[in-house]
Protein chains: 2
Amino acid sequence: MYDGPNIVPIAALIGDQARAAMLTALMSGEARTATELAAVANITKQTTSAHLSKLVDAGLVVVASQGRHKYFQLADDDIAQLLESLMGVAEKTGAVRFRPGPNDPELRAARVCYDHLAGELGVALYDSFSKKQWIKTSKQADDLKVELTTAGKKQLDEIGIVLAVKKNSRRPICRACLDWSVRRHHLAGVTGAALLNHCYEKKWAKRLDDSRVVQFTQRGESAFRKLFID
Amino acid sequence: MYDGPNIVPIAALIGDQARAAMLTALMSGEARTATELAAVANITKQTTSAHLSKLVDAGLVVVASQGRHKYFQLADDDIAQLLESLMGVAEKTGAVRFRPGPNDPELRAARVCYDHLAGELGVALYDSFSKKQWIKTSKQADDLKVELTTAGKKQLDEIGIVLAVKKNSRRPICRACLDWSVRRHHLAGVTGAALLNHCYEKKWAKRLDDSRVVQFTQRGESAFRKLFID
DNA sequence: TACATAGTTCGATCCTAACCGAACCATCTC
DNA sequence: GAGATGGTTCGGTTAGGATCGAACTATGTA
């Protein structure tokens, strides 16, 4: 008895405390894992999984699988704008605000992600390799394929970086990996691992005990940037 | 664990079939009664009443009481825009459309509302009286107070319209009455009744049997418009 | 005055959906 | 390989809220 698209399912999805918390957390445009979102919403993994399925099914959220992780993002800028609209209306009628959590600057700067470099430095590396055309990316049905170009191979060879390519290994030479702090891609795969290893060997950086922090020396970071980024 | 105003209550309110139907029906900006909204949502009066209370409490909808009727409207243009936003998102993910109902052009043109004139002609009358300053309006704590000015009294007197004011009657001389077809005010009260009566006496118009339609003759409508509206 | 209509309140029912524990699969680490 | 971690599936519990019948108030009609 009324006209227009059916807004009920969408509004109902947003109208749940846990899902709203997740969606709000995604409003920055950055991707988050299911576990992170579970923490944000303060619910168990199972419940989070169910919620995320619904959000993805409804098209509010998209997901990118990466190894055993799943990175979730708002599907669209329109979704963020809708949430903004809702906040605008909510603000008028009795706003309740929450406080942001702390964070670790060192972790954001540089850390290991499995066996390769993540954080601001890792993202800068990826961007630079891409700009210099040492790597090239192509989209392949939901998957981002990253390859080392011949130019890239040659450069790494000259620098003295050896790629430990095992036979019969399924591990890709290059891989794009979503960064949790910067929320953009950094370089993973065999190449990413080799590069981080190079940093250790050259004593440019070392890993902090009991932490994922990769601590560069001043000289080390300089050398790293000069060689790979600038 | 997230920031910004709390969007959950608002979204949850919209995320219900019945309430969404009502809100959508109100999107034209026109006011509707609770009973009308019950029909739109296809639920009983009781349930409608409960829904409308929530919508009013949340500030999404405002209400104007008028005798035994309550006219509901969206509180704000922002609300309509929010609903538009939602429809935009809904459209992308699988839109379901409904069909509008029929209507009766004659009823919309002119009809009785209790004992006074409603419809396009009634609203035109009210607007004209207001413009000519025959009536003046003032807001009084949720209520719209309408009074006949001395100029207005004089004009009506000259035309030969007698106001049947009974002693001890609570009935106001003038009243603004929300029009269901045009959804704006028309003139009610003793004055409104006297004016409609004048139309009958002058044979400008007659009431159709078994209907609320007031049918003006061509000459009648001309005379009416010339005297009161133009 | 009696009657009709608009809307509300109360109480009870009933269904959906959020939630968690437990067990499971998949991926990465050692 | 064993162990750890990220995520899903299944089953059962529970709470919230949408709904209606019945009884009520308030307003207007005859």
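The basis for the numbers below is simple: all heavy atoms, side chains too, and nothing from hydrogens, waters or symmetry mates. Owing to the predicted nature of the structure, the values given are computational and were not obtained by experimental measurement. Order of the sequence lines fixes the chain letters, A, B, ..., with proteins taken first and strands second; residue numbering starts at 1 for each chain.
- Across every non-hydrogen atom of I14(B) and A20(B), the tightest pair is O-CB, 3.5 Å.
- Nucleotide dG6(D) holds its C1' atom 12 Å from the CG atom of L52(A), rounded to whole Å.
- Evaluation of the side-chain contact (heavy atoms from CB on, under 4.5 Å) rule for A50(B) yields no partner, not counting sequence neighbours.
- Within the structure, side-chain hydrogen bond (donor to acceptor under 3.5 Å, both in side chains) pairs that include any residue of residues 38-52 of chain A comprise R19(A)-H51(A), T44(A)-Q46(A), T44(A)-T47(A) (at least two apart or interchain).
- The nearest whole Å value for the distance from the NE2 atom in H69(A) to the C1' atom in dT5(D) is 8 Å.
- Here K203(A) pairs with nothing under the side-chain contact (heavy atoms from CB on, under 4.5 Å) rule; sequence neighbours left out.
- A12(B) is linked by a side-chain contact (heavy atoms from CB on, under 4.5 Å) to nothing, counting only residues two or more places apart in sequence or in another chain.
- Across all strands shown, K45(B) has heavy atoms under 4.0 Å from base atoms, whether or not it also approaches the sugar-phosphate.
- Rounded to whole Å, atom P of dG7(C) lies 9 Å from atom CG of L37(B).
- OP1 or OP2 of dT8(D) has at least one side-chain nitrogen or oxygen of K70(A) nearer than 4.0 Å.
- In this structure, T35(A) reaches the dG7(D) phosphate: one of its side-chain N or O atoms is under 4.0 Å from OP1 or OP2.
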- Mark up nucleotides 10-20 of chain C, 5' to 3', with B wherever a protein heavy atom is under 4.0 angstrom from a base atom, S wherever such an atom reaches only the sugar-phosphate, and - elsewhere. --------SSB
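- R68(B) has its CZ atom 11 Å from the P atom of dT27(D), to the nearest Å.
- Residues that satisfy the side-chain contact (heavy atoms from CB on, under 4.5 Å) test with A124(B), not counting sequence neighbours, are I229(B).
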